[in-house]
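These notes are about the structure you will find just below.
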Amino acid sequence: MATFSKLKNTIRESFNPYIHPTIKEGIYRHNLVALRIITLLSAIFDSLVLIVWIITSNPLVQEKAVLDNMVYAIITCGITFLISDFALRKSNKPYSFYRFMTIAYYLMILSFGMFTSYYHYAHNSQMIVFFTITFCLVNFVLLPPYISTVLVLGSYLVFYLILFAYDGASRIHLINYVMLAFITLIGSIHKYHMQGAELERIHRIETMNEMLQNVPIHDNITDLKNRYALRDDFNSYHNHHIIVIMLDINDFDKINEEYGTEAGDQILSNIGSLIKKHLTDSHSYRYGSDSFLIILQDLEVDIAMQRLSGWEKAMAVLSIPDTDKPVHCISGYSHGTPRDEEDLRLLIEAADRKRKDFS
């Protein structure tokens, strides 16, 4: 019983999956873009065919039903193109406002395909127009599974009944015809699920990017950048020679416990000031609660050594506020010319390992 219930839920989810409203808007936009392309190309192609018929005095021009059907297709495609183009470029309404246009075009152009293929069938020609139109719509237009089930199977059923009324559909192999209908339907459902999953993935990435953009990249206590800012600065270090310094405060948790967090914050602030004064103002980061990352970029060796010497002297006299107890820090260094983010990470890891070796 549980297996049957699970199967029922799976089928229901396949035919009526939950789609986030934002993703639905993406699907509706996808359909408008697809319709704009399909209808423009179809209108041009059908117009050229009609012109060629007229120039060459093709007998089909004399058949009113055929001529009317061709004009009907051109007008249908032209109107649909204008509406979809307006919806994409000038309309201030949501794309969902135009969602029924996709179904309307689907039905109207299928009627053109049915009539054309019926005409070919009646004249012992290959009736590929109906099937071509169906496959094109399935591949370019996204419809919810329950709607595509009705439209695809319904169109195949109606077309078969038309042929059956004509001559009992004597030249149609029913099994192959049914298989083709279900393969078309499966393709439509599969494409809808795949495109929905892709749009959902894009939506998640965009949401995460927005969240990351709103994450603070500045540390208020030290007046330095934080490690989130490092992600944005990665590219600025590529193909530049850099010296990477990792700094860590010894027993910082004990200092907070014994002297209070205000004293700890003051120590962090003092270290930030010394880093900015002696090393760099723009390439320094509070990397963790009591660790710092400093990057010296494109400096001559003698200048870099002067800065490091002045910084180490200033750090050596750093003490806990309102006491004469020194603050002990351990640092590690590495240098190189990173070609990409991975190289920079390796340099940071190397500096961190040396810092740990000294601790």
Side-chain angles (χ1 to χ4, degrees), residues 207-237 242-297 299 303-335 338 341-342 344-359:
T207 302
M208 291 178 62
N209 287 338
E210 290 178 2
M211 292 174 60
L212 290 174
Q213 288 175 359
N214 293 325
V215 171
I217 60 173
H218 189 267
D219 179 58
N220 293 328
I221 296 177
T222 62
D223 198 30
L224 303 177
K225 296 180 180 179
N226 60 27
R227 64 187 304 160
Y228 295 108
L230 179 62
R231 180 190 62 252
D232 297 330
D233 293 346
F234 269 158
N235 291 338
S236 65
Y237 301 124
I242 59 175
I243 299 173
V244 178
I245 306 169
M246 286 294 295
L247 172 71
D248 189 66
I249 305 173
N250 280 359
D251 299 325
F252 186 69
D253 289 338
K254 292 182 178 179
I255 293 175
N256 278 331
E257 291 176 4
E258 185 172 350
Y259 299 96
T261 56
E262 290 186 4
D265 289 348
Q266 185 61 50
I267 292 172
L268 293 172
S269 177
N270 292 339
I271 292 177
S273 298
L274 293 177
I275 290 173
K276 293 174 67 176
K277 179 180 178 180
H278 295 282
L279 292 177
T280 174
D281 187 20
S282 57
H283 301 297
S284 48
Y285 309 87
R286 185 179 178 186
Y287 202 68
S289 62
D290 61 340
S291 61
F292 297 83
L293 169 66
I294 304 102
I295 298 178
L296 303 180
Q297 181 175 338
L299 288 180
I303 296 177
M305 291 300 101
Q306 289 176 9
R307 290 192 183 183
L308 288 170
S309 177
W311 174 63
E312 288 176 343
K313 290 178 181 179
M315 291 291 292
V317 297
L318 184 65
S319 62
I320 298 174
D322 301 325
T323 73
D324 57 356
K325 294 184 178 181
V327 175
H328 297 288
C329 298
I330 300 296
S331 59
Y333 306 83
S334 69
H335 66 90
E341 294 181 12
E342 183 61 26
L344 180 57
R345 289 192 180 94
L346 291 175
L347 288 174
I348 294 173
E349 290 174 1
D352 196 43
R353 282 196 300 272
K354 290 184 179 180
R355 177 192 61 78
K356 291 176 180 179
D357 291 341
F358 288 126
S359 60

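Being a predicted model, the structure only gives us computed values, none of them experimental.
Taken from CG in Leu347 to CD1 in Ile243, the straight-line distance is 11.0 Å, to the nearest 0.5 Å. To the nearest 0.5 Å, atom OG of residue Ser331 and atom CG of residue Asp352 are 11.5 Å apart. Here Asp290 contributes atom CG and Asp251 contributes atom CG; the two are 9.5 Å apart, rounded to the nearest 0.5 Å. Annotation: the span from Cys329 atom SG to Asn250 atom CG amounts to 7.0 Å, rounded to 0.5 Å. The distance from the OG atom of Ser334 to the CG atom of Leu344 is 9.0 Å, given to the nearest 0.5 Å.
Formation of a donor-acceptor pair under 3.5 Å by the Arg345 side chain with backbone atoms of Ile348 is not found in this model. Between the side chain of Arg286 and the main chain of Gly288, a donor-acceptor pair closer than 3.5 Å is present. Under a 3.5 Å cut-off, the side chain of Lys225 and the backbone N or O of His218 do not form any donor-acceptor pair.
By the 4.0 Å N-to-carboxylate-O rule, Asp248 lies too far from Lys356 to be salt-bridged with it.
For His278, the NE2 atom counts as densely surrounded, since its 6.0 Å shell holds more than 12 non-hydrogen atoms of other residues, nucleotides or ligands.
Residues Thr222 and Ile271 are not in side-chain contact: their nearest non-hydrogen atoms beyond the backbone lie 4.5 Å or more apart. Proximity of Val327 to Met315: side-chain heavy atoms (C-beta onward) are nowhere separated by under 4.5 Å.
Neither side chain, Asp219 nor Tyr285, offers a donor N or O lying under 3.5 Å from an acceptor on the other.
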